[in-house]
Amino acid sequence: MTLKETSSAGDYELPPAGTHAARCHLVADLGTVETTYDGKTTASRKLLIGWTLAELRSDGSSHTIFRRYTASLGPKAALRAMLESWRAKAFGPEELRAFDVARLAGVPALIGVIHVTKGDRTFANIASVGALPKGLQAPRAQVPEIVFDLDSPDAWQDIELLPAGVRRQVELSPEWQAVLAKRGAPAAPAAQAGAPASSGFDDMDDDIPF
């Protein structure tokens with residue numbers, strides 16, 4: 001998926017609040033998603049990014065955390081602000097014309113996590129994403145690194161790699177219905193969306209990881 005510039009719940013074990021070394025393990029194109037805020041419904045292409053944290057759960061597995069972004073590199077886009085913070089450098093004009101988000105998979109980061117309580121539920125949210133300081137080691141993901149792009153000719157196969165909740169979101173999108181139609185497959189029945197709650201640097205001259 002190439003972008004260009006445009007003018008806790010239940011028994012889930014929350015990642016601890018604080019700052020964590022992390023590595024990106026998931027970059028998933030969710031397709032067009034409808035969202036409602038203040039009574040207004042809008043539709044936009046969304047991107048889900050997931051990170052594996054160095055902090056471990058009580059069972060020894062790595063904590064993971066996710067955030068969904070509008071797939072835009074516009075001047076006010078949250079995704080652009082996050083990426084520029086992560087790489088510690090603003091995008092140049094050439095990069096904004098075509099930036100392949102698949103490059104994010106495996107890249108280390110420093111993730112700031114905060115806990116937010118709504119009613120009787122507490123969630124772990126990403127407050128910040130920054131460059132990992134030199135000398136601090138990012139974890140190697142205990143799960144496979146996944147890049148899913150609805151524009152890829154292999155999307156109909158690659159969807160099998162996605163976690164079940166992410167896959168359900170993708171299957172609701174018109175882009176996925178177009179993938180099925182192109183292959184002559186019947187449209188998938190409407191599914192219940194289920195989003196997840198909610199790598200050191202390479203030796204590079206400018207220390208920009210992507």
Side-chain donor/acceptor of [X] to backbone N/O of [Y], under 3.5 Å:
| X | Y | answer |
| --- | --- | --- |
| E13 | S58 | yes |
| E84 | F91 | yes |
| D100 | A102 | yes |
| E55 | T64 | no |

Worksheet item: Heavy-atom count around R140 CZ within 6.0 Å, excluding the residue itself: above 12?
Response: no
Worksheet entry | Residues K89 and E95 bridged, charged N to O under 4.0 Å |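 No, no charged N to carboxylate O under 4.0 Å.
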Give, for atom [atom1] of [X] and atom [atom2] of [Y], the distance between the pair rounded to the nearest 0.5 Å.
| X | Y | atom1 | atom2 | value |
| --- | --- | --- | --- | --- |
| Q169 | R167 | CD | CZ | 13.5 Å |
| L30 | R45 | CG | CZ | 9.5 Å |
| T52 | H63 | OG1 | NE2 | 11.5 Å |
| S128 | L110 | OG | CG | 7.0 Å |
| S152 | I159 | OG | CD1 | 12.0 Å |

Excluding sequence neighbours, so at least two apart, what forms side-chain contact (heavy atoms from CB on, under 4.5 Å) with [X]?
| X | answer |
| --- | --- |
| T35 | V33, T42, K46, R68 |
| T41 | E34, T36 |
| A81 | none |
| P174 | T32 |

Worksheet item: Step by step, would you call L104 with L83 a side chain to side chain contact (heavy atoms under 4.5 Å, CB included)?
Response: CA-CA 9 Å; L104 303 176; L83 293 176; 3.8 Å; yes
Do you know which two heavy atoms are closest between [X] and [Y], and how far apart they sit?
| X | Y | value |
| --- | --- | --- |
| A138 | A21 | CA-CB, 4.3 Å |
| A77 | S72 | CB-O, 3.2 Å |
| D29 | L150 | OD2-N, 3.1 Å |
| W86 | A109 | NE1-CB, 3.2 Å |
| A22 | W51 | CB-CB, 4.1 Å |
| D149 | A155 | O-CB, 3.4 Å |

Fill in: Cluster overlap F148 with L180, hydrophobic side-chain contacts below 4.5 Å
yes
Discussion item. Under the rule for side chain to side chain donor-acceptor pair (under 3.5 Å), what residues qualify as partners of D59, not counting sequence neighbours?
Written reply: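 Partners of D59 under the side chain to side chain donor-acceptor pair (under 3.5 Å) test: S61.
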Worksheet item: How would you list, by chain and number, every residue that makes a side chain to side chain donor-acceptor pair (under 3.5 Å) with Q157, sequence neighbours excluded?
Response: none
Fill in: Aromatic plane relationship, H25 with F66 - under 30° parallel, 30 to 60° tilted, over 60° perpendicular
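F66 and H25: perpendicular rings.
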Discussion item. Is there a side chain to side chain contact (heavy atoms under 4.5 Å, CB included) between L47 and V27? Walk through the geometry before answering.
Written reply: CA-CA 7 Å; L47 185 71; V27 182; 4.0 Å; yes
Taking the side chain as every heavy atom from C-beta outward, state whether [X] and [Y] have any pair of such atoms under 4.5 Å apart.
| X | Y | result |
| --- | --- | --- |
| R23 | L132 | no |
| L26 | L162 | yes |
| L79 | I49 | yes |

Item to complete: Please test R80 against L73 for side chain to side chain contact (heavy atoms under 4.5 Å, CB included), starting from the C-alpha separation and ending with a verdict.
Response: CA-CA 5 Å; R80 177 172 172 177; L73 292 180; 4.1 Å; yes
Discussion item. Side chain to side chain contact (heavy atoms under 4.5 Å, CB included), that's the test. Do I126 and M82 meet it? Break it down for me.
Written reply: CA-CA 11 Å; I126 294 175; M82 183 276 287; over 6 Å; no
